[in-house]
Protein chains: 2
Amino acid sequence: MARVGLSTERLVRAGAELADEVGFEQVTVSELARRFGVKVASLYSHVKNSQDLKTRIALFALEELADLSADAVAGRAGKDALTAFANVYRDYAHAHPGRAAAARLRLDPETAAASAGVRHAQMMRAILRGYDLPEPDQTDAVRLLGSTFHGYASLEGAGGFSHSSPDSEESWTRILDALDSLLRNWPAR
Amino acid sequence: MARVGLSTERLVRAGAELADEVGFEQVTVSELARRFGVKVASLYSHVKNSQDLKTRIALFALEELADLSADAVAGRAGKDALTAFANVYRDYAHAHPGRAAAARLRLDPETAAASAGVRHAQMMRAILRGYDLPEPDQTDAVRLLGSTFHGYASLEGAGGFSHSSPDSEESWTRILDALDSLLRNWPAR
DNA sequence: TGCATTTGCCTAAGAGTTTTAGGCAAACTA
DNA sequence: TAGTTTGCCTAAAACTCTTAGGCAAATGCA
């Protein structure tokens with residue numbers, strides 16, 4: 001029988017592409033097998049089960065996103081760094097809606113702790129150094145930024161901001177302005 | 001054959017409870033039938049299909065949430081109104097994680113336009129009247145608030161903020177302080 | 001009250017996804 | 001070149017979703 005050359009790696013990559021095409025929810029072991037022209041059972045040598053596949057796609061997306069962010073942020077500081085970071089996030093969600101949804105998958109604590117999610121948090125902390133926040137406030141700010149970027153991408157992906165003015169692009173820019181302003185004038189406890 | 005007294009209403013309610021117990025993703029026509037001690041096919045007289053069921057649960061949650069918010073906001077203004085509104089959202093996500101997830105379901109545009117989601121937006125606009133923002137900025141602010149609340153509840157539900165200090169409760173309060181401050185000092189275009 | 005209609009839940013059945021177990025041949029390895 | 005590993009296969013069971021058609025309980029009407 002002709003060997004197709006499956007591997008966990010290739011399955012995850014193809015799964016990510018599939019997610020972008022049909023939505024992360026619709027990613028299925030069967031569909032993936034179909035795309036490789038292979039029987040479903042064959043995938044189970046490379047992936048534990050359906051949940052495992054999805055988790056791997058999520059981890060892949062988080063990694064990819066962290067790499068892009070790190071590149072974008074390098075050599076920048078302050079608002080420049082903030083917008084670069086935020087735009088990577090949003091651009092990624094536009095270019096790869098399925099992977100972005102995957103990156104929002106609920107991971108169990110250990111998996112999450114070992115994921116590139118921690119790099120994201122570290123980068124945000126690095127960006128916040130340009131704003132000079134005292135320690136406990138820094139964590140609050142990281143959470144605010146994470147929530148906002150995450151939430152915006154999610155709502156925008158769900159079509160929440162289409163069909164009304166101002167267009168989403170402009171709101172996004174304005175929101176980044178507002179967040180920058182907020183970080184520069186963070187209220188005292 | 002004993003009639004159980006199914007109805008779309010009861011199915012949706014039970015579906016919402018099921019979602020809170022096992023997660024919105026795990027809500028299934030089969031499981032719901034099992035809970036009613038009824039054959040699966042019987043549900044199809046009351047609900048078009050699985051997607052229809054989920055959409056109805058989402059609409060139900062949005063409605064419930066809008067009712068709670070309206071109550072909470074009534075008679076309040078400014079920061080008072082803002083925190084009341086935001087807390088309803090977060091408390092709801094804690095008490096009913098499945099319904100909260102349902103409320104984040106992607107709806108098609110017409111369904112969304114007819115949903116209680118528009119009441120949410122209107123309430124946010126009403127709250128913003130206390131902050132005196134010029135018109136285009138108001139929309140930006142609504143989107144910022146929506147994204148942040150949405151994102152925070154989502155990340156918190158995914159366990160993103162557990163196991164690190166300050167605890168999530170405190171960050172939430174501080175974030176509301178910060179957003180209030182931001183709205184009072186909204187940067188000019 | 002008796003009859004017709006509607007309605008609620010049923011059985012049957014087909015299609016799709018997930019997962020496990022065991023087999024055969026191709027590809028490495030010595 | 002023989003032995004081992006590995007990759008993909010077939011088979012089969014369990015589950016979910018969905019449609020079609022049937023019977024009996026509930027309801028409405030004379």
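Proteins get letters first, then strands, A, B, ... in listed order; numbering begins at 1 in each. Here the structure is a predicted model, which means the values were calculated and not measured.
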Tell me, for nucleotides 17-24 of chain C in 5' to 3' order, what letter each nucleotide earns: B for a base near a protein heavy atom under 4.0 Å, S for only sugar-phosphate near one, - for neither? SSBBB---
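The hydrophobic cluster around A/Leu6 extends to A/Val4, A/Leu11, A/Val12, A/Leu18, A/Val22, A/Phe24, A/Val27, A/Val29, A/Leu32, A/Phe36, A/Val38, A/Val40, A/Leu43, A/Tyr44, A/Val47, A/Leu53, A/Ile57, A/Leu59, A/Phe60, A/Leu62, A/Leu105, A/Leu107, counting ILVMFWY residues whose side-chain heavy atoms fall within less than 4.5 Å of a member.
Between the P atom of C/dC9 and the CG atom of B/Leu43 lies a distance of 9 Å, rounded to the nearest Å. Counting to the nearest Å, the C1' atom of C/dG8 and the CG atom of B/Leu6 are 8 Å from each other. Note: CG (B/Asp52) to P (D/dT19) measures 11 Å, nearest angstrom. One atom, NZ of B/Lys39, and another, P of D/dC15, lie 13 Å apart when rounded to the nearest Å. At whole-Å resolution of the value, CZ in A/Arg3 and P in D/dG7 are 7 Å apart.
The closest donor-acceptor contact from the side chain of B/Arg90 to the backbone of B/Ala86 lies at 3.5 Å or more, if one exists at all.
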Could you list the donor-acceptor pairs under 3.5 angstrom formed by side chains in residues 126-136 of chain A, with sequence neighbours left out?
| residue | atom | partner | partner atom | Å |
| --- | --- | --- | --- | --- |
| A/Tyr131 | OH | A/Lys79 | N | 3.3 |
| A/Tyr131 | OH | A/Asp180 | OD1 | 2.5 |
| A/Glu135 | OE2 | A/Thr139 | OG1 | 3.2 |

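Contact annotation: B/His46 reaches the phosphate of C/dC9 (side-chain N/O to OP1 or OP2, under 4.0 Å). The shortest distance between the side-chain N/O atoms of A/Ser42 and the OP1/OP2 oxygens of D/dC9 is below 4.0 Å.
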Between A/Glu21 and A/Arg35, does the salt bridge (charged side-chain N to carboxylate O under 4.0 Å, His left out) criterion hold? Intermediate values first, please. CA-CA 13 Å; A/Glu21 288 174 40; A/Arg35 300 225 163 178; 3.0 Å; yes
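Note: A/Tyr152 and A/Tyr89 fail the aromatic proximity criterion, with ring centroids not under 6.0 Å apart.
Between A/His120 and A/Phe85, the two ring planes are perpendicular [angle over 60°; tilted spans 30° to 60°].
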